[in-house]
Structure formats: structure tokens, C-alpha cells
Participant: 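Here it is: the structure, laid out below.
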Amino acid sequence: MTAVSSANDVDLFVIGAGSGGVRAARIAASHGARVMIAEEYRIGGTCVIRGCIPKKLLVYASQFPHEFADAAGFGWTVPPAAFDWPTLIANKDKEIARLEGVYRSNLEKVGVEIVKSRAVIEDETTVRLLASGARVRCGHILIATGSAPFGGHPIPGCEHAISSNEALSLPALPAEIVIQGGGYIAIEFASIFAGLGSRVRLVYRGENILRGFDDDVRTHVRNEMEMRGIEVIVGELVTAIDKHDARYTATLTGGRKLAADYVMFAVGRKPNIADLGIEQAGIRTAPLGGIAVDAYSRTSAPNIYAIGDVTNRINLTPVAIREGHAFADTVFGGRPTIVDHTNVPTAVFCEPEIGAVGLTETQARERLGRVDIYKSTFRPLKATLSGRHTRVLMKLVVDGATDRVVGVHIVGEGASEMIQLISVAVKMGATKADVDATMALHPTAAEELVTMREPVARYGNQAAG
Ligand code: NDP
């Protein structure tokens, strides 16, 4: 055991009880540390309270209308379906409250003291609780305060824009919504609202949505979204929002005016570092924002660590959890542990879903001398009877020199589940020959991954090496 001293009130003070902070607190306590965790809002953080979990519940809700419509081709007559938004929101809130309780009891079971308060760092070893004014002497401090929606650059009427926080608990399903942004949150919420029947207009400043994803994925998803009735407006920004009674009008750069029940901004998130006291503790921030940390998540102040979104590395829940666990093992378990941030699988829960791991085609061509691309688009079997116009995209990016699969990109039903599993193979360094040697499982969509024989493109000098 390291880092445990009776001179302090606690061995570890965790600021923020989100997924990363809670994991760090639990593991540190299980290593014998006396741990206190402060949370000013609700235990569970963004993922549980106003992010991944409630979002995914809404995603499930939004898929039923398609299921009902698809059923006809299979012989079902489904009576006109009715949807009740307040029931969905109430059920979602109930589940979130249950999960919050589970998080709380998991902390309590290992003896972590939970304090409902905002906490401010006074110096390298002292935290002040704003609720009581108490000062806590700490052996170590872990900053796990996460991130919050960025409101965008100030424009007239920007106070009228809602973020994903509000979108998860609107009083009624909007008949019309304008969403600005082209990243994870904008795309997921556009799908949710469109699936539930809202008219959705998506406004994105660049040429094509989902920058950072493989270009084929971006094009494919945009087509699918447009086929589902979402209007994707690119090369535009919202420059003003006006309120008229209970409705809003978004004015775009080109002058177009879009009236809607809500205007939502999903233009990124910012690390929660304001008024935390990081300056007086000598904690430096990184060029991209967020707290600068080394491979062990240690800040420029030796006793203070930071994990998760507040460090702005890879802003995904499982990454924050790993970072929290690694921190606790390093500092309290006597097992220095670095989190490997390569080949992290990711999904966008739009309809159809995106799953991706590793390099995009563009990244591979920038980094590798030889690249082979395998790609397949096909109509899923279910769509043959349902009549739905949708296609699945599967793509393998292979290092032509080593035959290693360096990227997998899937768009289609179940893409997130498929990518989680194939990411094991990618992480293990599977080659295209390994993929080819794997027997197909028929009839599935995933079998396509192991049956792509010929590359659709080869880059680099194939004769060399
Ligand atoms: P993203 O970074 O994914 O997307 C932000 C979008 O907003 C981009 O399209 C960006 O455009 C655009 N944008 C940025 N600044 C402005 C601006 N000033 N005016 C107009 N548009 C702007 O952020 P999100 O908010 O969607 O999500 C935050 C993070 O949360 C994600 O990056 C991800 O890490 C995580 N997340 C993960 C999910 C998942 O795993 N399924 C789901 C939701 C969130 P441009 O591309 O041109 O920069």
C-alpha cells in the first residue's frame, strides 16, 4: 500500500462523482485508502444522469415506429400506434434514479464518504467544501469533474438555445426542432427526434457531418439520415435566435430562417475547470483545453491527478473509468498502470448506428506507406421483406505492409455491438489473413466482415516489401 498517511483527513479526495470519479474512489478504497468524494449535483455524472444512459433509452424509444412499419412486410397488421412522451421521460427518470442509487450504494459498501457539495482546491493538499465551509486535508486529490455543453460563440438570442441536458427532459415532444452541430450529440439527437416523429433540421458549419469519422461513413450516414426525412443543411451557422410566443426562429448565415419549437446546440463540450482552484494549486491546462496530465493522469501538481473529460483526451465513459481505475492502482495499489488510448472503439447511436475502431482510410493513408481498403455495402436481409430503403456499410482498413487490420468501420443495425467484438481482434493485432480464416456465421450482417476478399482500393507501392 502506498500514499496512505494518518496526518491527513483523507488519503484521497475525489472531486466529481461521475463514472471515472466513482470508479477511482471505489478502487482506491478497496486498496485500503480513506476516500471522500464530493458531488454538487447527482451521483453518476454525465453518462448516467444526462448522457449515455438516458440518451440510449430515448434511442430505443425512437426505433419503435420503424419496427411497427417494418412489421407489415412480415404479415403483421399493427394498429395505429400512439406515443406518449411524458411516459417515456418519467420511465427514463425512474431508471436514472435507480442507477444513481446503485452508484451511491457501491460507494458506501466500500466505505467511501460521499459529500453533497461543490469542492474547491485551496492548495496541493487542501480542499474546501463550499456547502459547509469545511477544509479537508488530503493525501491526494483527483479531479474528475467532467465536461459541460459548450454554448457556442455568443450570438443574439443564444440564451434561447437548449443543450442535450434539456433535450433529455423536454416537457413535450417537439413537432419541429433545429439542431446545430455535426458531431456525436447532434447526430444522435437528430435521429432520436426524427424517429419519434419530429421534423428535424440539422445545421452544420462544415462540408459534411461527423468530421473525424471515415469519409465513407460520413457520406453513408448523411444519406441514411436524409432518407429518414432529416434535412441536413451544411456550410451554415445559426447567427441569431428569435423567440415568438413559445416558438423560436433560427436565422442562418445565408439568411434562411427556420422556425421550430426548440433550437438545440450540440457544438461540443468544455472541460469543467472554472472556479475549481486549479490556478492556486499550480495545475497547468493543456493546449486543447482541459487539465494537462502525464501518462499516469498526474497533473503538474504532484499530489493532484485528473481523469476523464476534464482532461479532454478521449471523452468517452469507458475511457474515464479505465483512467480512474489505473489512477487508483497506481497511487494506492502499488501497481503503476498506464491506460492505452489506442484502438478505442466508438459508436454513434444514430439510425442506423455507426461503430468504428482504429484508423480511418484518410488517417491510414497519411500514416502508412501501403494501405488496402475492403468495403461492402448491402441491403440487410430484414429490409428485403420490410421494404425499407437502407443499406449497411462495412469497411476494413488494412496496413498493406504488415496485413494488419488497422481500422474497421460499420454503419447498420447492431454496428455498436459488432464493433465492440471486432475491436478485440484489432487490439490483438489481427491480420486480414486472420479475418479471412474466420468462418462466416450465416445469415448475419457481421459475416460480411470475414468474407470481403478483394480490396476496392490499394494505395502505395505494392511491389515494395
Ligand atoms: P463533437 O465534438 O462530437 O461535435 C461538435 C460539433 O459541433 C462538430 O460538428 C463541430 O464542427 C461543431 N462545432 C464546434 N464548434 C462550433 C461552433 N462554434 N459553431 C458551430 N458548430 C460548432 O461534440 P458533441 O457535443 O457532439 O459531443 C461531445 C463529446 O461527447 C464527443 O466528442 C464524444 O467524445 C462524447 N460523446 C460520445 C457519445 C458516444 O460515445 N456515443 C455520445 C455523445 C457524446 P466541426 O466538425 O467543424 O469542428
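When reading the values below, keep in mind they use all heavy atoms of this one structure, side chains included, and skip hydrogens, waters and symmetry mates. For ligands, and for the atoms within them, numbers begin at 1 and follow the listed sequence.
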Participant: Tell me whether Asp70 is salt-bridged to Arg388, with the criterion being a basic N under 4.0 Å from an acidic carboxylate O.
Facilitator: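 The answer is yes: the pair qualifies as a salt bridge.
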
Participant: Once rounded to the nearest 0.5 Å, what's the spacing between atom NE2 of His409 and atom CZ of Phe213?
Facilitator: 10.0 Å

Participant: Nearest protein heavy atom to atom 19 (N) of ligand 1, by residue and atom, and its distance?
Facilitator: Leu237 CD2, 3.6 Å

Participant: Closest by any non-hydrogen atom to atom 22 (C) of ligand 1: pick that one out of Val267, Thr46, Ile187, Asn208.
Facilitator: Val267

Participant: Which protein heavy atom lies closest to atom 16 (C) of ligand 1, and at what distance to 0.1 Å?
Facilitator: Arg205 NH1, 3.4 Å

Participant: Between side-chain atoms of residues 149-165 and protein atoms elsewhere (two or more places apart, or another chain), which donor-acceptor pairs fall under 3.5 Å?
Facilitator:
from: Ser163; atom 1: OG; to: Asn165; atom 2: N; distance (Å): 3.1
from: Ser163; atom 1: OG; to: Glu166; atom 2: OE1; distance (Å): 2.9

Participant: I'd like to know if Lys432 pairs up with Asp372 as an ion pair, taking the criterion as any Lys NZ or Arg NE/NH1/NH2 lying under 4.0 Å from an Asp or Glu carboxylate oxygen.
Facilitator: no

Participant: Charged N to carboxylate O below 4.0 Å: is that the case for Arg201 and Glu176?
Facilitator: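 A salt bridge links Arg201 with Glu176.
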
Participant: Give me the ring orientation class for His140 and Tyr305: parallel if the planes are under 30° apart, tilted from 30 to 60°, perpendicular past 60°.
Facilitator: tilted

Participant: Report the nearest protein non-hydrogen atom to atom 9 (O) of ligand 1: residue, atom name, distance rounded to 0.1 Å.
Facilitator: Gly182 N, 2.8 Å

Participant: Can you sort out which atoms of ligand 1 are near Tyr204, meaning under 4.0 Å from one of its heavy atoms?
Facilitator: 9 (O), 11 (O), 45 (P), 46 (O), 47 (O)

Participant: Measure the distance from atom 38 (C) of ligand 1 to every protein heavy atom, then report the residue, atom name and distance (to 0.1 Å) of the closest one.
Facilitator: Tyr184 CD2, 3.3 Å

Participant: For atom 6 (C) of ligand 1, which candidate among Ala266, Pro149, Ser163, Ser164 provides the closest heavy atom?
Facilitator: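 Comparing heavy atoms across Ala266, Pro149, Ser163, Ser164, the nearest one to atom 6 (C) of ligand 1 lies in Ala266.
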
Participant: In the protein, what heavy atom is nearest to atom 30 (O) of ligand 1, and what distance, to one decimal place, separates them?
Facilitator: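 Nearest protein contact, heavy atoms only, for atom 30 (O) of ligand 1 is Arg269 CD, 4.0 Å.
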
Participant: At a non-hydrogen distance cut-off of under 4.0 Å, which region of Ala347 contacts ligand 1 (side chain, backbone, both, or neither)?
Facilitator: backbone

Participant: Give the atoms of ligand 1, by number and element, whose distance to some non-hydrogen atom of Lys55 is under 4.0 Å.
Facilitator: 41 (N), 42 (C)

Participant: Return the closest protein heavy atom for atom 18 (N) of ligand 1 as residue, atom name and distance.
Facilitator: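 Of the protein heavy atoms, His153 CD2, 3.2 Å lies nearest.
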
Participant: Got more than 12 heavy atoms from elsewhere within 6.0 Å of NE2, His341?
Facilitator: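 Above 12, so yes.
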
Participant: For residues 186-197, run the donor-acceptor check on the side chains, cut-off 3.5 Å, and write out each pair with its distance to 0.1 Å, sequence neighbours left out.
Facilitator:
from: Glu188; atom 1: OE1; to: Lys55; atom 2: NZ; distance (Å): 2.7
from: Glu188; atom 1: OE2; to: Lys55; atom 2: NZ; distance (Å): 3.3
from: Glu188; atom 1: OE2; to: Phe349; atom 2: N; distance (Å): 2.8
from: Ser191; atom 1: OG; to: Ile187; atom 2: O; distance (Å): 3.4
from: Ser191; atom 1: OG; to: Glu351; atom 2: N; distance (Å): 3.0

Participant: Compare Gly268, Gly183, Ser416 and give the one whose heavy atom is closest to atom 23 (O) of ligand 1.
Facilitator: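 The option holding the nearest heavy atom is Gly268.
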
Participant: Residue-level breakdown please: for Leu316 versus ligand 1, do any non-hydrogen atoms fall below 4.0 Å on the side chain, on the backbone, on both, or on neither?
Facilitator: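 The side chain, only.
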
Participant: Can you tell me which residue and heavy atom of the protein come closest to atom 42 (C) of ligand 1, and the distance to 0.1 Å?
Facilitator: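 Answer for atom 42 (C) of ligand 1: Glu188 OE1, 3.3 Å.
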
Participant: Provide, to 0.1 Å, the distance between atom 44 (C) of ligand 1 and the closest protein heavy atom, together with that atom's residue and name.
Facilitator: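 The closest heavy atom on the protein side is Ile185 CG1, 3.6 Å.
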
Participant: Are Lys427 and Asp340 within salt-bridge range, i.e. N to O under 4.0 Å?
Facilitator: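 Salt bridge between Lys427 and Asp340, a charged N being under 4.0 Å from a carboxylate O: yes.
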
Participant: Checking side-chain contact (heavy atoms from CB on, under 4.5 Å) for the pair Ile307/Val339: CA distance, chi angles, key distance, verdict?
Facilitator: CA-CA 11 Å; Ile307 53 148; Val339 174; over 6 Å; no

